[in-house]
Amino acid sequence: MTMQNPSDKTSQPPPRAVIVTGGSRGIGAAVAFRLAHGGHPVCVNFHADAGAAGRVVERIERDGGCAFAHCADVADEDQVRALFDTCERRYGSLGGLVNNAGILDAQMPLAEMSVARMRRIVDINLLGALICAREAVRRMQRSRGGQGGAIVNVSSMAARYGAPFEYVDYAASKGAIDTLTVGLAREVAADGIRVNAVRPGLIETQIHASGADPGRVARLRTTIPMQRGGLPDEVAAVIVWLLSDASPYTTGALIDVAGGR
Ligand code: NAP
C-alpha cells in the first residue's frame, strides 16, 4: 500500500483508504492521525462514543486530511458489511484494515467469570476481528478483482503471558488473534494481501479504566524494562509501517511493542 510524503503528490498513485476499527480513541485514534497525515483517507469506526469519533475526524480535517466516522459493532456481520460498503462508496478501493477494536473487563480469576462476559469478550475481540478480516480480504484479493492490501491486527502481550487472575478470557482472545494472523497471512500471501499483528504491552489509554484499574500502567511501570508505559502513537508508528510499502516482504509477523516486557 502506497505511503507518500503529502507534499509529493505528482509521482505516485494516491494512497488508498484504510478502515481503523475502534478509531475513536487510544491506539486506534493515533493510527488514524498517522494514516491521514500520510495522505490516506481514513474510516474511523466506533461503536458507542460518537462524540469521540467526531473529534478525531475534526482534527484530521483541520490538519488537511480526509476522514469520516462510522458507527458499527464489529461483532455484528450486517453492521460490518455496511461499514466496508460505506467506506468503498466514499473512497473507492480499500487499501488496508486495522483490526484494532477491543475490550477487556474487570479483573478476576476465570472461576468467577460469567459466560455473558466471556461471550462479549470473544465476540468483540475475536469474532469481530474475523468478520472484519473476511470483509477486507473479499475486497482486496486480486483473484476477486481487488488491488491487494494489508491488514494489521492488534493483539496484546497478554497473548504470551495469559493474564492470570486478571483476564484470562481477554488473553485467550488475543492468543487467537495471533493464530488468525499467521494462518490468514499464509492463506492470502499469493493474493497480494499482507497480514501482520502488533502486540502492545502496557499502553497509556482508557482501556485500563474499563477493567476498573485506571492506574494500572503507573502501578506496573517498574516491571517494564524501559521503566515506563507506552504511548498510543508509539504503537501506531509500527502499525502504519506494517500497512505501508516500507514493509513489502513482512507478513505473518507478530511484533511486540512493549518496552522490553
Ligand atoms: P480504548 O482506548 O479503550 O479504545 C477502544 C476502542 O474500541 C474505542 O474506539 C471503542 O469505541 C472501540 N470499540 C469497543 N467496542 C467496539 C465494538 N463492539 N465495535 C467497534 N468498536 C468498538 O482501547 P486501546 O487501549 O486503544 O486498545 C486498542 C486495542 O489495543 C485493543 O484491541 C486492545 O485490546 C489492544 N491493546 C491495548 C493495550 C493497552 O495497554 N492499552 C495493550 C495491549 C493491547 P466506542 O467506545 O465508541 O465503542
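We count ligands from 1, going down the list as the structure has it; atoms in each ligand are counted the same way.
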Within 4.0 Å of some non-hydrogen atom of Gly102, the atoms of ligand 1 are 5 (C), 7 (O), 31 (C), 32 (O)

Among non-hydrogen protein atoms, atom 13 (N) of ligand 1 lies closest to Ala101 CB, 4.1 Å

Donor-acceptor side-chain pairing of Asp191 and Gln141 below 3.5 angstrom: yes

**Q.** Electrostatic pair Asp178:Arg199 at N-O distance under 4.0 angstrom
**A.** yes

If you scan protein heavy atoms around atom 41 (N) of ligand 1, the nearest is Thr205 OG1, 3.0 Å

Output for pair (Leu126 CG, Leu180 CG), nearest 0.5 Å, gives 7.5 Å

Practice prompt. Give a yes/no on ligand 1: does Gly201 have at least one heavy atom closer than 4.0 angstrom to it?
Written response: yes

Atom 30 (O) of ligand 1 has as its nearest protein heavy atom Val154 CG1, 3.2 Å

Check: Val137 and Ile151 side chains under 4.5 Å, non-hydrogen atoms: yes

- For ligand 1, is Ala72 a contact, meaning one of its heavy atoms is under 4.0 Å away? yes

Judged by heavy atoms only, the candidate from Met157, Gln79, Arg25 nearest atom 46 (O) of ligand 1 is Arg25

Applying salt bridge (Lys or Arg N to Asp or Glu O under 4.0 Å) to Arg120 and not counting sequence neighbours gives Asp105

Next on the checklist: If you count heavy atoms of other groups shown closer than 6.0 angstrom to OH of Tyr161, is the number above 12?
Outcome noted: yes

Of all protein heavy atoms, the one nearest atom 11 (O) of ligand 1 is Ser24 OG, 3.4 Å

| query | Do Glu77 and Val80 come close enough that some side-chain heavy atom pair is under 4.5 Å? | reply | no

With heavy atoms and a 4.0 Å threshold, my read on which part of Asn45 contacts ligand 1 is side chain

- Message: Any carboxylate oxygen within less than 4.0 angstrom of a Lys/Arg side-chain nitrogen, looking at Asp85 and Arg139?
- Response: yes

So is His208 close enough to ligand 1, meaning a heavy atom under 4.0 angstrom away? yes

Contact region, Ala50 to ligand 1, non-hydrogen atoms below 4.0 Å, reads neither

among protein heavy atoms, the one nearest atom 31 (C) of ligand 1 is Asn100 O, 3.2 Å

Exercise for the section: Determine whether any heavy atom of Gly229 lies closer than 4.0 Å to an atom of ligand 1. Expected result: no

Among non-hydrogen protein atoms, atom 34 (O) of ligand 1 lies closest to Tyr170 OH, 2.6 Å

Short version for Lys174: what comes under 4.0 Å of ligand 1, heavy atoms counted, is side chain

of all protein heavy atoms, closest to atom 7 (O) of ligand 1 is Gly22 CA, 3.5 Å

Contact region, Ile103 to ligand 1, non-hydrogen atoms below 4.0 Å, reads side chain

In this structure, atom 48 (O) of ligand 1 is nearest to the protein heavy atom Ala48 N, 3.1 Å

Taking only non-hydrogen atoms of Ile124 and a 4.0 Å limit, the atoms of ligand 1 in range are 18 (N)

Taken in chain and number order and not counting sequence neighbours, the residues that satisfy ring pair (Phe, Tyr, Trp, His ring centres under 6.0 Å) with Tyr167 are Tyr170

task = Look at Glu135 together with Arg138 and state whether they make a salt bridge at an N to O cut-off of under 4.0 Å.
result = yes

Honestly, for Ile207 the part within reach of ligand 1 (heavy atoms, under 4.0 Å) is both

Practice problem: Answer with yes or no whether the side chains of Asp49 and Ser24 bring together a donor and an acceptor at under 3.5 Å. | Solution: no

